[in-house]
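Along the sequence shown, residues carry numbers from 1.
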Amino acid sequence: GFMDLATIQQWLQATDTKQPYPFRSSAECVTAMVEELGEVATEVALLEQIGTKAGWSKAPSTEHLTIELIQLLNTLIALANRYDIDLDRAYVSYMRQASETESS
């Protein structure tokens, strides 16, 4: 079924504490985000056949990229959770402001 941002955020909030290595600090969340972004960059480099350090032994794969994007999103949401930021509500407000800016 379709997953909305609020459901994902609540699920991660519930499962984060059960992880074998839960984030101990916001700084750890950011470090994990940087690491996951590096993984995303590697998968894109493989798909686009750019760069020399992507390790061409790995086959390009949108499936791998999908997993890395989800893991990056998970770390981003974990950071929002640490500060009790409701991303779903924030997005609704963000989109409303964006559409008001466009129509004015």
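Rounding to the nearest 0.5 Å places CD1 of Ile77 at 11.0 Å from CD of Gln10. Taking CD from Gln9 and CG from Asp86, the interatomic distance works out to 6.0 Å, rounded to the nearest 0.5 Å. Rounded to the nearest 0.5 Å, atoms CG (Leu73) and CD (Glu68) are 13.0 Å apart. Here the NE2 atom belonging to His64 is positioned 6.5 Å from the CD atom belonging to Glu43, to the nearest 0.5 angstrom. Atom CD of Glu35 is separated from atom CD of Gln71 by 11.0 Å, given to the nearest 0.5 angstrom.
Cluster annotation: Tyr83 and Tyr91 are assigned to the same hydrophobic cluster (Ile/Leu/Val/Met/Phe/Trp/Tyr, side-chain heavy-atom contacts under 4.5 Å, transitive). Side-chain heavy atoms closer than 4.5 Å link hydrophobic residues (I, L, V, M, F, W, Y) into clusters, and following such links, possibly through other members, connects Leu12 to Val30. Under the 4.5 Å side-chain heavy-atom criterion for ILVMFWY residues, no single connected hydrophobic cluster contains both Ile70 and Leu79. Cluster membership check: Ile8 does not share its hydrophobic cluster with Ile67, using side-chain heavy-atom separations under 4.5 Å among Ile, Leu, Val, Met, Phe, Trp and Tyr.
Across all non-hydrogen atoms, the minimal contact from Pro60 to Gln49 is CG-NE2, 3.7 Å. Smallest separation of non-hydrogen atoms from Arg82 and Cys29: CD-SG, 3.6 Å.
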Practice prompt. Given side chain to side chain contact (heavy atoms under 4.5 Å, CB included), test Met95 with Ser99 step by step and report yes or no.
Written response: CA-CA 6 Å; Met95 290 165 77; Ser99 62; over 6 Å; no
| message | Under the criterion side chain to side chain contact (heavy atoms under 4.5 Å, CB included), I'd like the reasoning laid out for Leu76 against Leu87: C-alpha separation, chi angles, the key distance, then a yes or no. | response | CA-CA 10 Å; Leu76 187 151; Leu87 287 172; 4.2 Å; yes
